[in-house]
Each structure stands twice: as structure tokens, then as C-alpha cells.
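Sequence positions, counted from 1, serve as the residue numbers for this chain. Below, each value reflects all heavy atoms present in this structure, side chains not excepted, and no hydrogens, waters or symmetry copies.
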Amino acid sequence: MTGAIRISPPNVWSDEDFPFSQAVVEPLGRRVHLTGQVAWNADGEIVGPDDPETQTGVAIDNIETVLAALGGQLSDIVSTTLYYVRDEDLPAIQNVRMRRFSKAHGPAATGVKVAGLVDPGLLVELTVIAVIPEERFKTPA
């Protein structure tokens with residue numbers, strides 16, 4: 001994404017390796033709010049039961065698919081909220097996020113531990129806000 005300003009001041013806590021920014025100033029473009037994405041396939045079935053790494057990957061795949069339908073990409077994401085059920089799943093979840101999001105385009109990020117999600121087999125849900133540059137934005141047919 002071009003034009004976004006991402007900052008992580010040195011006097012605020014940080015994780016040097018994790019792809020996130022303390023703040024992201026949105027560039028010009030179309031702001032897109034995605035519905036929370038989980039590890040459901042097109043038939044509404046859970047992919048990767050009891051596997052937080054697979055579930056995180058599928059949720060991000062779903063996000064990528066929705067953004068692509070509008071001309072967007074993962075680097076257009078300016079903010080993420082991660083909902084997770086089990087503390088022990090965080091390393092697997094974070095490993096997937098580190099593979100899928102670049103440090104240079106790290107969004108503002110929040111993580112929230114929850115008692116459960118809409119389906120008891122789901123371990124992870126991601127909501128994102130993206131800003132797709134006007135020159136790439138397309139209205140789906």
C-alpha cells in the first residue's frame with residue numbers, strides 16, 4: 001500500500017520481529033471493514049479442527065480473497081483485531097501472522113482472548129480494516 005504512515009516510536013514497547021505498527025495513518029483510498037474471518041471453507045465447514053496454525057492460515061486466506069475481490073491485498077490492511085480462545089495457541093497463531101504479513105506493512109494490531117467463538121470448534125477469528133488505493137479499487141460484478 002502506498003501512502004500509509006506507519007510508526008513505532010523507540011520509547012514505546014515493541015517487538016522488533018513482529019509485523020505490526022504502533023500506529024498507522026490511513027492513506028487516501030477506499031476504507032474497507034471486513035467481517036471477522038475464521039477457518040470456514042466455502043461450505044461453512046471448519047478447516048483444521050484443533051489446529052490453530054491451520055485455522056489462522058485459512059482465516060487470512062479468506063481475508064485475502066475478500067480483499068482481492070475489491071482489488072486489494074494483504075499489504076492494504078491498516079488494522080487487525082485477533083480473537084483467540086487458548087493462550088497456548090498464540091505461538092502458532094503469531095508464526096502464521098509473521099509469515100503472511102510483512103514487517104514493512106505491519107498493521108496496527110490488537111489481540112483479545114475470548115471464552116469462545118461462534119462455533120465451539122473455532123480457535124481464531126481475525127477482523128481487519130484495509131484501505132485500498134483508488135487506482136486498484138474495483139467494484140465486484
Side-chain angles (χ1 to χ4, degrees), residues 1-10 12-141:
M1 173 177 47
T2 59
I5 300 169
R6 299 166 191 276
I7 66 162
S8 291
V12 176
W13 65 270
S14 184
D15 180 338
E16 295 298 320
D17 298 321
F18 195 69
F20 83 101
S21 301
Q22 291 290 349
V24 178
V25 179
E26 293 181 0
L28 295 177
R30 300 282 188 108
R31 184 181 311 147
V32 181
H33 298 258
L34 273 70
T35 292
Q37 294 298 319
V38 295
W40 281 333
N41 64 20
D43 295 323
E45 302 163 332
I46 294 177
V47 178
D50 206 39
D51 181 347
E53 188 165 351
T54 297
Q55 287 196 19
T56 303
V58 171
I60 293 172
D61 289 345
N62 290 341
I63 289 166
E64 194 168 33
T65 299
V66 173
L67 288 175
L70 296 167
Q73 53 200 25
L74 292 179
S75 62
D76 295 328
I77 296 171
V78 296
S79 179
T80 65
T81 303
L82 163 71
Y83 301 93
Y84 65 98
V85 177
R86 306 182 307 206
D87 288 333
E88 63 268 23
D89 294 341
L90 277 175
I93 293 166
Q94 302 302 37
N95 283 336
V96 175
R97 290 181 61 188
M98 288 175 70
R99 286 194 309 267
R100 300 294 300 273
F101 294 101
S102 75
K103 179 73 173 147
H105 295 105
T110 298
V112 182
K113 183 178 179 185
V114 295
L117 296 168
V118 67
D119 183 312
L122 293 170
L123 304 172
V124 177
E125 183 167 344
L126 279 163
T127 61
V128 304
I129 299 170
V131 178
I132 301 172
E134 200 65 50
E135 62 272 9
R136 269 198 283 113
F137 182 82
K138 62 183 182 183
T139 303

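- In terms of heavy atoms, Ser79 sits closest to Pro107 at N-CB, 3.7 Å.
- For Thr56, there are no side-chain hydrogen bond (donor to acceptor under 3.5 Å, both in side chains) partners at least two apart in sequence or on another chain.
- For Arg86, the side-chain contact (heavy atoms from CB on, under 4.5 Å) test picks out Asp50, Pro52, Glu88, Asp89, Leu123, with sequence neighbours left out.
- Just one residue in the list Val66, Leu70, Val78 forms a side chain to side chain contact (heavy atoms under 4.5 Å, CB included) with Val32, and that residue is Leu70.
- Once rounded to the nearest 0.5 Å, the distance linking OG1 of Thr65 with CD1 of Ile60 reads 12.0 Å.
- Checking side-chain atoms of Asn62 against main-chain N and O of Val38 turns up a donor-acceptor pair under 3.5 Å.
- Of all the heavy atoms in Val128 and Thr80, the pair that sits closest is CG1-CG2, 3.8 Å.
- Note on residues 98-115: pairs passing salt bridge (Lys or Arg N to Asp or Glu O under 4.0 Å), not counting sequence neighbours, are Glu53-Arg99, Asp61-Arg100, Glu64-Arg100, Asp87-Lys113.
- Put simply, CD1 on Ile77 and CG on Leu74 are 5.0 Å apart, with the number rounded to the nearest 0.5 Å.
- Sorted by first and then second residue, the pairs that involve residues 30-39 and meet side-chain hydrogen bond (donor to acceptor under 3.5 Å, both in side chains), not counting sequence neighbours, are Glu26-Arg31, Arg30-Glu134.
- Taking CD1 of Ile93 as the start and CG of Leu82 as the end, the distance is 5.5 Å to the nearest 0.5 Å.
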For this session: Please lay out, stage by stage, how Gln55 and Ile46 fare under the test side chain to side chain contact (heavy atoms under 4.5 Å, CB included).
Result: CA-CA 8 Å; Gln55 287 196 19; Ile46 294 177; 3.8 Å; yes

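- Nearest approach of Lys138 to Ala69, heavy atoms of both residues: CE-O, 3.5 Å.
- For residues 120-130, there are no side-chain hydrogen bond (donor to acceptor under 3.5 Å, both in side chains) pairs, not counting sequence neighbours.
- Using a 4.5 Å cut-off on side-chain heavy atoms (C-beta onward), Val85 and Val114 make contact.
- Rounded to the nearest 0.5 Å, atoms CG (Leu67) and CG (Asp76) are 7.0 Å apart.
- The side-chain hydrogen bond (donor to acceptor under 3.5 Å, both in side chains) search around Glu45 returns Asn41, not counting sequence neighbours.
- Summarising the geometry, atom OH belonging to Tyr84 is positioned 12.5 Å from atom CG belonging to Leu126; distances are rounded to the nearest 0.5 Å.
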